[in-house]
Amino acid sequence: MTGDPLRGTTGHRLTAGLTVGGRVVVRYRLQEGDESGAAATDFLGELVARNDDFLVVDTKTERVKLIRADVIAAKDVPPPASRPGRAHERVSADDLERVMAKGWQAVDQGGLGDWVLRAAEGFTGRANSALVVGDPSLPVDKAIDFVERWYADRGLPPLFQVHGPAGSDLAAAPAAAALLERGYTVGGGREQWERVLVMTGLSAAVPPLTEQSVPVTADAELKLEWLMTYGEQRTIVPGVTEAVLTGSEGQLFLSVSDPQSRRIIALARMAIHPGWAGIFGLWVHPDHRHEGLGSTIVSAVAMVARENNMPAIYLQVSADNTAGVAFWRSLGFTVHHEYAYLARPAS
Ligand SMILES: CC(C)(COP(=O)(O)OP(=O)(O)OC[C@H]1O[C@@H](n2cnc3c(N)ncnc32)[C@H](O)[C@@H]1OP(=O)(O)O)[C@@H](O)C(=O)NCCC(=O)NCCS
């Protein structure tokens with residue numbers, strides 16, 4: 001027999017799907033003779049590492065090393081509540097940004113302290129910007145130097161995503177002030193990058209599908225027709241776009257097809273997280289707007305979310321897309337916080 005006979009235990013299976021870097025709860029068998037007399041205890045915290053035999057979890061008070069074979073139950077959990085409110089309101093902006101970054105993963109990703117550096121050959125601002133969140137572990141100016149070099153090494157312009165409370169002056173955030181001094185501007189000359197709203201809502205508050213709703217297809221796989229239709233409204237980077245669209249822990253590709261032509265006339269991508277669903281790329285063919293297709297797709301997302309223990313939904317929409325913002329408001333979504341991209345103006 002080769003290998004360790006303990007590998008492949010129930011504990012290994014239960015912990016195989018946990019997200020490293022995510023928040024987890026682990027029920028753990030205590031060794032016999034534990035002075036408390038308890039048979040098991042729970043650890044809640046960030047899963048910082050996993051190898052064949054151990055998990056390392058940073059709890060609020062300590063770093064613990066757990067033997068995977070002694071895990072009785074384990075699951076990913078949503079970020080903690082940081083303020084009063086309902087499921088979609090009580091998460092902090094920093095934590096929600098971290099969740100959303102996992103919903104749209106770059107193909108090339110690095111870290112600088114808590115900052116997340118993302119590159120994907122220029123496909124979308126989100127996947128090609130430094131997410132300014134938490135502590136970069138260096139003084140801000142040195143952190144910016146590092147990020148600029150990181151993007152220069154990849155032949156990409158440096159781009160920073162900076163967030164703040166709804167309605168706040170994003171240029172006043174500490175990293176933003178340092179960037180403005182270097183000649184960066186909010187939006188870098190693109191209106192849609194000047195103010196992006198992060199809107200959230202309760203999956204239970206979205207109107208349900210009815211018998212009159214048009215059929216919505218939800219596919220775990222990215223199909224060519226979905227990708228081609230998506231590519232009709234934005235520039236795609238072959239290979240990279242597919243990798244970003246399919247790069248999260250879980251995602252669904254939703255679409256509505258025209259019953260006559262059978263062509264896709266509305267689509268969206270749903271990202272799946274512990275406790276949260278994300279909606280990306282919602283689009284309805286211009287000839288079919290105001291027919292209820294957009295809201296039907298959101299109702300379908302909300303149904304999947306409700307059935308899979310995701311009480312909260314997020315999405316990101318540029319503030320200059322007034323029709324888009326009105327659409328989300330009509331479905332009960334409200335602004336959680338805002339972000340902007342800071343870039344050097346294109347020469
Ligand atoms: C935004 C979009 C998805 C809406 O899809 P749709 O199928 O036309 O929307 P619905 O018919 O389901 O509309 C539902 C409600 O949203 C609101 N709404 C939709 N379009 C609106 C507009 N242009 N202006 C103001 N409100 C609007 C209305 O309250 C509407 O209800 P009503 O028809 O009873 O008035 C569609 O316009 C679109 O694809 N836009 C381009 C891409 C985009 O902006 N996506 C969203 C950004 S993330």
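All ligand and atom numbering here is 1-based and tracks the order in the structure.
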Taking 4.0 angstrom as the limit and counting only heavy atoms of Gly292, give me the atoms of ligand 1 inside it, by number and element.
10 (P), 11 (O), 12 (O)
Would you please indicate if the ring centroids of Phe160 and Tyr341 are separated by under 6.0 Å?
no
Yes or no, since that's all I need: does a protein heavy atom fall within a distance strictly under 4.0 Å of atom 44 (O) of ligand 1?
yes
Are Leu315 and ligand 1 in contact, using a heavy-atom cut-off of under 4.0 Å?
no
If hydrogens are left out, which of Pro286, Ser295, Ser318, Ala266 has an atom nearest to atom 12 (O) of ligand 1, that is, the closest non-hydrogen atom?
Ser295
Which segment of Ser330 sits under 4.0 Å of ligand 1 when only heavy atoms are counted:
side chain
Does Trp328 have a non-hydrogen atom less than 4.0 Å from ligand 1?
yes
For a side-chain contact (heavy atoms from CB on, under 4.5 Å) check, start with the C-alpha distance between Ile265 and Leu293, then their side-chain angles and the critical distance, and finish with the verdict.
CA-CA 9 Å; Ile265 50 173; Leu293 299 186; 3.7 Å; yes
Using a 4.0 Å cut-off to any heavy atom of Glu291, which atoms of ligand 1 qualify?
11 (O)
Atoms of ligand 1 under 4.0 Å from any heavy atom of Ala326, numbered from 1 in the order shown, are 25 (C), 26 (N)
side-chain hydrogen bond (donor to acceptor under 3.5 Å, both in side chains) between Ser257 and Arg262: does it pass, once the steps are laid out?
CA-CA 5 Å; Ser257 295; Arg262 299 184 180 229; over 6 Å; no
What about Tyr230 and Trp226, are their ring centers closer than 6.0 Å?
yes
Tell me the contacting part of Leu282 for ligand 1: side chain, backbone, both, or neither, using a 4.0 Å heavy-atom threshold, strictly below.
both
